[in-house]
Amino acid sequence: MLLDELNQQQQDAVREIDGPIIIIAGAGSGKTKTLTCKIAYDLQNGISPYNILALTFTNKAAEEMKERITELVGTPAKYILMGTFHSIFSRILRLESERLGFVSRFSIYDTDDAKSLIKTIIKEMNLDEKRYTVSFVMERISKAKNNLFSPSDYLNSIEIQAEDRAAHKEQIGYIYQQYNRRLKGAMAMDFDDLLFNMNVLLRDFPDVLKKYQERFRYIMVDEYQDTNFAQYLIIKKLAALHRNICVVGDDAQSIYAFRGASIRNILNFKTDYPDAKVFKLEQNYRSTQNIVNAANCVIANNEDQIKKNVWTSNPQGCKIRYTNHDSDRAEAEYVCQTIKDKVIDGDNYSDFAVLYRTNMQSRVLEEALRLRNTPYRLYGGISFYSRKEIKDVLAYFRLVSNNDDNGAFERSINNPARGIGNTTINRLKIIAAEHNVSLFSAALNLPNFSSKINGTTVEKIVEFCKMIVAFSKTIHQRNAYELGEEIIRMSGIKTALKNEESIEAEDRINNIDELINSLQAFVRKEDDIIIDELTGEEISQTERTLDVFLSQVSLMTDADNDDEGDKVVLMTIHAAKGLEFPYVFIVGMEENLFPSLQSLTQRSDTEEERRLFYVAITRAEKELMISSARMRFRYGELVFAERSRFVEEIDEAYLEQSLDGKKSFPALHKDANDNSNRKKPLLKLPSKDSKKPLPTSLPHPVGGNASSALRKFEIGSRVVHSRFGEGTILLLEGEGDNRKAMVNFDVGGKKILVLRFAKLEIL
DNA sequence: AGGTACTTATAGAGT
DNA sequence: ATAAGTACCT
């Protein structure tokens with residue numbers, strides 16, 4: 001029976017089918033299990049899968065949930081409309097696109113595409129690029145869209161205009177206006193538009209609203225604490241008719257305010273739906289008592305929260321271990337060594353996760369892991385889909401699918417080089433603007449327009465356009481693999497890379513081949529039948545076309561392609577939400593890094609950082625290791641850091657401290673349950689107020705070079721470096737801490753190294 | 001038009 | 001440390 005494996009609170013939540021429901025699910029409280037059981041229970045009670053809408057934050061979460069529901073109830077699960085906000089709404093928008101004046105094959109601009117468009121506009125408006133930085137303008141526009149301010153709302157808002165004027169950036173409204181016009185002209189939407197336009201659709205077309213209200217009789221929203229205003233309002237409108245809305249979340253895990261999410265949505269659910277039934281899942285099944293208690297201590301420092309008591313009946317476990325290290329490298333080495341030791345004792349690599357605040361921290365960890373041949377899997381960072389060569393290929397696909405996509409046109413027209421340079425493109429842009437048509441349309445009809453572009457160039461442009469047109473014509477006759485493969489072949493991208501004959505080019509070719517593989521997988525999908533849950537129709541193999549592929553790929557992230565295997569996992573804390581691991585390292589516990597510098601200016605931001613730390617702690621099942629470094633490389637230079645304030649927020653009853661990473665835990669496994677003599681930390685840390693002066697000279701070189709070794713370096717010495725291998729010293733300069741050597745490495749050539757940091761050893 | 005060499009800006013999380 | 005942009009040369 002479905003309910004047998006659930007505790008009382010979980011059962012209560014599952015049994016409540018109708019009306020507004022909020023489930024506050026503490027970390028590790030079996031949220032996914034409850035949610036999947038709940039949907040299965042609904043289905044068993046006669047609710048049609050066709051009437052269920054389930055919204056998640058990641059594709060992965062949606063897939064996993066669907067899989068689990070299928071296990072419980074079988075085929076009907078296939079018909080449930082379940083996915084991310086962005087993917088579900090993009091599909092609805094494609095169906096209803098003509099209402100908003102879009103083609104159904106509109107393009108989706110990712111952040112890079114959007115930024116380059118904004119940049120173009122700033123340049124065209126002759127604005128000072130120092131004052132109007134792309135990232136700032138982008139943030140303003142994104143925030144406006146997430147709060148449903150159109151360009152005219154933006155320009156008419158006294159408050160917003162005052163803000164912009166105060167910042168001496170009063171042109172942002174006009175940039176926004178132009179940006180949106182250009183998106184429309186390219187038949188494109190950015191990520192925020194998917195939410196904004198969904199709102200427009202439901203606001204301006206009552207028949208559409210009614211249609212989807214009637215369709216979605218039961219609505220579930222996962223991670224409700226991370227919804228922004230635009231998402232909140234869509235949900236509210238869709239649920240207004242039947243009021244069967246079930247939201248699940250944990251205010252303590254709200255970590256996306258930076259993206260416009262409002263913790264208020266979950267805190268105010270009872271206000272919106274006074275008759276809402278509230279269920280709290282407070283028993284943690286994931287972590288040891290020490291971990292749960294430590295997490296509770298940390299989160300208790302936040303003011304904004306729903307009261308709850310997360311507890312566990314799991315074993316007490318060992319204390320959380322905090323270590324401080326000389327440098328980011330030493331910290332990384334400590335992580336590697338600890339993992340190695342535990343693997344020797346029988347644990348798997350995949351039992352470990354290393355979590356960090358910022359993606360840039362992954363580098364030093366990767367280096368250390370590689371050095372020790374420790375298998376790892378890196379999540380995030382430059383995703384597969386944002387690699388240049390992949391974006392190049394996808395630009396071709398986009399252009400074929402949507403000829404008006406100016407961004408895709410500009411990217412493709414001279415890639416690979418066809419002798420169509422900047423001058424030509426600028427002339428083309430002018431023609432397109434004069435005739436108010438897209439670049440592609442202007443290019444295709446170029447012979448009919450008078451222009452300064454010379455004849456041979458015109459021929460090349462027309463030839464390109466004809467190739468694209470030929471592809472576009474067959475887009476619905478051929479499957480994504482056949483067409484995509486041909487586009488790649490005919491574009492000449494791969495040939496150009498082959499001619500480069502470099503290692504990098506080889507990698508790029510491999511990546512393109514991987515993309516071709518994914519086209520093939522998309523077309524073949526072992527699942528005999530793919531069902532479009534939105535329309536209820538089956539999608540045959542021939543209907544798995546390039547535009548369908550593209551519509552999915554634009555919203556795909558790396559995390560969605562999991563490559564399993566026994567590997568240590570490296571990821572940001574944000575990416576780790578919803579996951580769990582037996583052993584977790586949280587590295588970089590330093591002021592100005594975690595919490596980040598930007599977050600310290602506002603209390604609410606600091607609270608968000610604390611929730612982020614809470615999320616990180618609660619990923620751990622058995623053991624948690626947190627660490628910091630006294631200095632680390634940031635932006636290419638060395639910075640010193642103090643221990644994060646968050647470390648102190650963990651009661652010492654649950655924490656074990658050591659200042660140097662190694663050999664400091666004599667009783668690693670034994671005394672875990674012995675609390676009796678642990679009133680004081682093993683080592684007294686300097687209090688945060690007693691600011692120690694920054695060390696003027698470093699205690700020890702990172703790699704352990706004793707200073708005596710420095711003297712032995714001479715011009716002509718043969719040396720070995722941990723990363724670069726063997727080489728010969730060509731030059732020496734500087735004194736003391738600044739002593740540098742130019743080394744000619746046998747592989748890789750000349751490099752200048754600061755001896756204080758470089759792991760150079762004399763052979 | 002295209003490629004190379006040098007300069008400069010920029011580093012917070014991700015659908 | 002790195003990517004992106006610019007200046008300059010072929």
Side-chain angles (χ1 to χ4, degrees), chain A residues 55-62 83-90 108-112 114-116 119 123 129-130 133-136 139 142 145-146 189-195 223 226-228 230-231 254-261 355-364 367 379-383 385-386 388 414-426 453-454 456-457 460 496 500 552-560 571-577 588 592-601 605 608-609 611-613 615-616 632-639 751:
Chain A
L55 297 166
T56 62
F57 263 78
T58 62
N59 295 307
K60 205 177 179 182
T84 64
F85 285 86
H86 290 82
S87 79
I88 300 286
F89 298 155
S90 72
I108 296 174
Y109 273 21
D110 68 15
T111 312
D112 290 340
K115 279 189 173 168
S116 72
K119 182 159 203 179
K123 279 188 178 164
E129 291 177 54
K130 296 254 165 63
T133 61
V134 174
S135 56
F136 187 88
E139 264 171 42
S142 179
K145 286 187 176 180
N146 284 326
M189 297 188 196
D190 65 18
F191 286 141
D192 299 321
D193 284 337
L194 298 174
L195 307 176
E223 311 280 13
D226 287 330
T227 49
N228 62 32
Q231 291 165 322
S254 160
I255 54 175
Y256 282 102
F258 74 95
R259 212 163 74 185
L355 308 182
Y356 36 81
R357 177 66 180 82
T358 68
N359 271 313
M360 65 176 186
Q361 290 167 256
S362 67
R363 173 177 288 260
V364 63
E367 276 173 14
Y379 286 79
I382 296 167
S383 107
Y385 297 101
S386 54
K388 184 188 173 298
N414 200 34
N415 176 29
R418 297 188 174 83
I420 303 162
N422 272 330
T423 321
T424 307
I425 289 170
N426 285 333
I453 302 170
N454 78 47
T456 42
T457 311
K460 287 185 227 161
E500 271 188 40
Q552 296 183 10
V553 136
S554 351
L555 296 169
M556 202 102 86
T557 56
D558 246 16
D560 301 327
M571 56 170 69
T572 62
I573 301 167
H574 282 88
K577 195 169 73 157
N592 299 340
L593 181 61
F594 193 20
S596 77
L597 187 59
Q598 293 91 323
S599 73
L600 294 174
T601 46
D605 286 354
E608 174 147 314
E609 294 282 304
R611 292 193 294 269
L612 194 57
F613 186 41
V615 168
R632 75 170 57 239
F633 278 98
R634 285 178 87 174
Y635 336 128
E637 62 184 336
L638 197 60
V639 295
K751 304 222 187 291

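Order of the sequence lines sets the chain letters (A, B, ...), proteins ahead of strands, with each chain counted from 1. The analysis underlying the following values was restricted to heavy atoms, covering all of them including side chains, and did not include hydrogens, waters or symmetry mates.
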Kindly point out which of B/dA13, B/dG14, B/dT15 is positioned nearest to the side chain of A/Thr358?
B/dA13

hbond_proxy A/Ser87 side chain to B/dT15 base (donor-acceptor, 3.5 Å cutoff)
no

Would you say B/dA13 has OP1 or OP2 under 4.0 Å from some side-chain N or O of A/Lys577?
no

So, is A/Thr424 close to the B/dA1 phosphate, meaning a side-chain N or O under 4.0 Å from OP1 or OP2?
yes

Looking at A/Asn359, does any N or O in its side chain come under 4.0 Å of the phosphate oxygens OP1/OP2 on B/dA13?
yes

Audit row: A/Arg634, A/Leu593, side chain to side chain contact (heavy atoms under 4.5 Å, CB included) steps and yes/no:
CA-CA 10 Å; A/Arg634 285 178 87 174; A/Leu593 181 61; 3.9 Å; yes

Return the set of residues passing ring pair (Phe, Tyr, Trp, His ring centres under 6.0 Å) with A/Phe613 (not counting sequence neighbours), or none when no residue passes.
A/Phe594, A/Phe646

Where the side chain of A/His86 is concerned, which of B/dA1, B/dT15, B/dA13 is the nearest nucleotide?
B/dT15

Counting only side-chain heavy atoms from C-beta out, which of B/dT10, B/dG14, C/dA1 sits nearest to A/Arg363?
C/dA1

Side-chain N or O of A/Thr572 less than 4.0 angstrom from OP1 or OP2 on B/dG14?
yes

Whether A/Phe258 stacks on the six-membered ring of B/dA13 base, 5.5 Å and 30° limits
yes

Quick one: ring pair (Phe, Tyr, Trp, His ring centres under 6.0 Å) partners of A/His574, sequence neighbours excluded?
A/Tyr256, A/Phe258

Taking only N and O in the side chain of A/Ser596, is any of them less than 4.0 Å away from OP1 or OP2 of B/dA13?
no

Roughly how many Å is it from CD in A/Glu129 to P in B/dT8, rounded to a whole number?
15 Å

Side chain of A/Thr84, heavy atoms from C-beta onward: which of B/dG12, B/dT15, B/dT10 has the nearest atom to it?
B/dT15

Look at the side chain of A/Glu139 and the backbone N and O of A/Phe136, then say whether any donor-acceptor pair between them is shorter than 3.5 Å.
no

On DNA chain B, does the nearest nucleotide to A/Asn414 precede the nearest nucleotide to A/Phe191 from the 5' side, or the other way round? Give the residue.
A/Asn414

Is it true that a side-chain atom of A/Asp192 and a backbone atom of A/Asn146 form a donor plus acceptor pair closer than 3.5 Å?
no

Quick note, A/Lys119 side chain, CB onward, closest among B/dT15, C/dG5, B/dG14 is C/dG5

In whole Å, what separates the P atom of C/dA4 from that of B/dA13?
16 Å

So, OP1 or OP2 of B/dG12: does either fall under 4.0 Å of a side-chain N or O from A/Asn592?
no

Just compare B/dG12, B/dG2, B/dA1 and give me whichever is closest to any side-chain atom of A/Arg357.
B/dG12

Measure CD/A/Gln552 against P/B/dT15 and give the value in whole Å, please.
16 Å

